Amino acid sequence: MRYILRKVALFVITLWAAITLNFALPRLMPGSPVDAALAKIASTGQAITNTQRHAIEVQLGVPHSNVFSQYGQYWKNIFTLNFGRSYSFPTETVTHTIGKALPWTIVLVGSTTIIAFIVGTLLGVYAGWRRGKAGDSAVTIGATFFGAFPPFWLGLLLLYLLAFRFGVFPLKGGYNEGATPSLTWPFVRDAIVHSILPAATLAITTLSGWVFGMRNNMINTLGEDYVTFAEANGLRSRTVALLYAARNALLPNVTAFGLSLGAVVGGSVLVEGVFSYPGLGNLLYIAVSNHDFPLMQALFLVITVSMLVAIFIVDLLYVRLDPRVRR
Amino acid sequence: MATSQHPREPSSPPPQPEASESPLLAAKGVNVVYEPARGVRIWSVRDVNVTLRPGEFVGLVGESGCGKSTLGFALTRMLRPPARLRSGEIFFDGKDISLLDGEDLRRQRRGGFALVLQSGMNTLNPVRTVAHHFGDILKAHKVEGEHWGQAEIRNRGTELLDKVQLDASLLDRYPHELSGGMRQRVSIALALSLQPRMIIFDEPTTALDVIAQKAVMQTIKDLQREDGFTAILISHDLGVVLEATDRVMVMYAGEIVEDQPSRSLVGGAHHPYTEALLRCYADPRAEEIHLGGIPGTPPDLSLSLAGCPFTPRCPLAEDICRLKDPPLAALGNGLAACHVRARKDSAPVDGGVPATVRQPTAQTSADAEAPPTPSRQVLADADGTEVRDVH
């Protein structure tokens with residue numbers, strides 16, 4: 001119980017620190033969004049008038065109050081999910097833009113992360129248990145081969161072969177253009193068909209990390225005395241492999257899994273970019289290339305917070321998995 | 001420690017290993033080799049024969065790296081790569097277990113042979129409770145008509161914990177919540193849950209402090225006496241072994257060089273290596289204690305050894321020792337593998353009584369320069385006798 005309270009306290013403190021940092025960083029950086037916007041106008045050859053500068057300042061909401069009231073306003077905006085309007089999508093609020101992209105990324109990257117973790121871990125357990133045998137070699141060689149593909153390259157290859165040449169899958173997007181997102185079967189089916197190639201790309205390239213991590217942990221725990229002792233006591237080899245070796249080997253991998261779940265919301269910029277997938281990764285790319293400060297700041301906030309939440313959840317899960325942290 | 005130990009008198013002839021009873025364990029020509037993927041092969045156990053009568057409690061001593069633990073693992077079929085049983089037969093209760101594998105071997109472990117490991121710290125699975133550990137073993141060896149539900153496991157676990165003087169409340173504890181001594185007792189109780197006829201204790205008390213060591217050893221001795229299982233106690237501590245066991249096998253460089261009843265070993269060691277080991281161990285009742293080390297190092301076990309492996313360190317070495325490995329032959333009350341001593345023993349001269357522990361040697365009188373590497377230093381004696389430690 002004390003462990004959980006400690007974790008909650010730690011979570012609250014880090015969350016506060018991260019959100020505050022997200023407030024402080026843009027204010028510490030040289031240059032301002034106004035200068036950036038004016039530079040854009042100036043690059044077209046127009047002279048800049050004071051009226052123009054003032055108009056942009058008003059449009060961007062440049063604050064004139066002191067830092068503390070700005071900080072108070074910042075917190076109020078976070079709680080009301082008011083992140084202003086982005087430059088890239090001027091007709092929408094940032095909250096709306098992110099809200100539209102979030103489900104796509106969570107479903108695509110989230111489900112592939114979970115699938116890659118489960119499959120990779122199982123393969124790693126198998127390879128570690130059969131270390132040095134044919135099965136181990138097959139898994140290890142396969143994981144090395146597929147893990148060596150850069151994700152965007154594999155994405156392009158799959159796109160070229162399966163979408164462009166043979167037309168099995170759609171070329172781009174998360175759903176057919178013109179369709180309105182809804183939870184009806186035709187739309188969901190359409191979305192699934194669109195997600196298969198990006199999902200396969202992500203799963204194949206991230207799988208090997210889980211395989212190798214788990215295989216190494218397995219080999220370490222297999223050398224532990226409790227495994228030897230379990231064998232000396234004549235436990236069934238399946239019990240030894242799963243409840244003694246794999247069960248302990250899983251612990252470090254769970255921590256890594258938490259981190260990659262947290263990274264899900266960041267999306268996969270390259271893979272989403274290759275497939276023009278309407279997720280957060282793609283959005284982040286758009287925001288950065290357009291110097292879209294409101295969108296970027298809001299995205300960083302969402303990414304940071306979800307990372308912290310994921311780590312917090314894994315910490316709580318860890319209590320169930322490892323009795324040594326219960327205190 | 002004040003109990004009568006190490007009686008010095010040359011004892012009456014005790015039963016020989018090859019007694020009339022059929023042995024529980026008869027291992028012949030056991031050879032174990034470590035074959036790493038890269039690097040040299042180590043011939044860790046060399047042509048060892050072991051015979052254990054039912055109910056016998058035998059010690060296996062020797063310095064680090066002499067192959068005693070490897071032999072213990074070989075006898076319980078627990079060798080794992082890179083170690084391999086290269087040749088040899090291991091008859092357990094009349095059945096050769098050296099070639100058994102998989103499920104056949106696993107089934108032998110109930111009512112068969114168990115192994116208690118050195119580091120009690122890590123022999124328990126950190127994520128399972130003590131009750132889980134019992135449950136895993138009991139379920140793994142379930143036979144027709146047995147049912148191991150929660151209640152049955154707890155009952156049996158309570159019974160077994162009681163045998164090792166632990167409370168049933170430990171059933172719900174995780175290993176990290178137990179002390180080192182408790183963990184070692186739990187692992188003994190777990191081994192007992194197989195109802196083994198032979199248990200090999202591999203340095204069962206090494207990781208423990210002196211108090212816990214003594215208590216755990218007492219428990220092992222009591223259990224062995226009550227349950228009557230056959231036991232091998234592997235230790236580098238000759239003192240512990242002499243107190244507990246009926247018979248001591250001394251190993252050097254992968255070979256058994258001496259095999260004597262514990263009662264007569266102190267005064268009646270025949271192999272120069274055993275004598276040297278005994279010199280490393282002090283009798284707390286002695287007026288004056290000389291602790292001598294054994295100069296030199298054990299031979300490189302990656303080589304095949306011509307002659308007796310102890311020759312380079314042996315004060316008695318002769319030409320024949322360098323040429324021919326002495327066989328383990330009857331000598332005194334047991335067996336020893338030494339050319340020189342075998343000859344002297346057979347001679348009519350009353351030279352059968354070998355050097356005693358405290359016999360001053362050239363080395364110990366010049367103790368200022370003798371390497372002080374005692375395996376055990378005695379600082380005070382239980383009966384209050386003054387002990388002068390010359391180092």
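Owing to the predicted nature of the structure, the values given are computational and were not obtained by experimental measurement.
B/R106 and A/E231 are not joined by a salt bridge, as no carboxylate oxygen comes within less than 4.0 angstrom of a charged side-chain nitrogen.
The candidate with the highest count of non-hydrogen atom pairs below 4.5 Å against chain B, out of A/G132, A/A232, A/S237, is A/A232. With chain A as the partner, the residue from B/P81, B/A140, B/P196 showing the most heavy-atom pairs under 4.5 Å is B/A140. For the set B/H132, B/Q108, B/H133, the entry with the most heavy-atom pairs within less than 4.5 Å of chain A is B/H133. For chain A, the option among B/R110, B/R109, B/R107 with the highest count of heavy-atom pairs below 4.5 Å is B/R109.
The shortest non-hydrogen separation linking A/P323 to B/P126 is CG-O, 3.2 Å. Closest approach of B/V127 to A/L321, counting heavy atoms only: CG1-O, 3.7 Å.
Using a 4.5 Å cut-off on side-chain heavy atoms (C-beta onward), A/T228 and B/F73 make contact. Contact annotation: the side chain of B/D136 approaches that of A/Y244 to within less than 4.5 Å [non-hydrogen atoms, C-beta and beyond].
The distance from atom NE2 of B/H141 to atom CG of A/L235, rounded to the nearest 0.5 Å, is 6.5 Å. Interatomic distance, CG of A/L243 versus CZ of B/R128, reported as 4.5 Å (0.5 Å rounding).
A side-chain contact (heavy atoms from CB on, under 4.5 Å) with B/N125 holds for exactly one of A/V240, A/N248, A/D225, A/V227; it is A/N248.
Interface residue B/R80: only side-chain heavy atoms are found under 4.5 Å from chain A. Heavy atoms of B/L194 lying under 4.5 Å from chain A belong exclusively to its side chain.
Within 6.0 Å of the CZ atom in B/R154, the count of heavy atoms belonging to other residues, nucleotides or ligands exceeds 12. For CD of B/Q150, the number of neighbouring non-hydrogen atoms (other residues, nucleotides, ligands) closer than 6.0 Å is 12 at most.
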### Query
Do B/K139 and A/R236 pass the side-chain contact (heavy atoms from CB on, under 4.5 Å) test, and can you show the C-alpha distance, the side-chain angles, and the key distance before you say yes or no?
CA-CA 9 Å; B/K139 284 180 196 157; A/R236 285 175 210 287; over 6 Å; no

### Message
Apply side-chain contact (heavy atoms from CB on, under 4.5 Å) to residues A/F229 and B/L190 and explain how you reach the verdict.
### Response
CA-CA 10 Å; A/F229 190 51; B/L190 289 170; 3.8 Å; yes

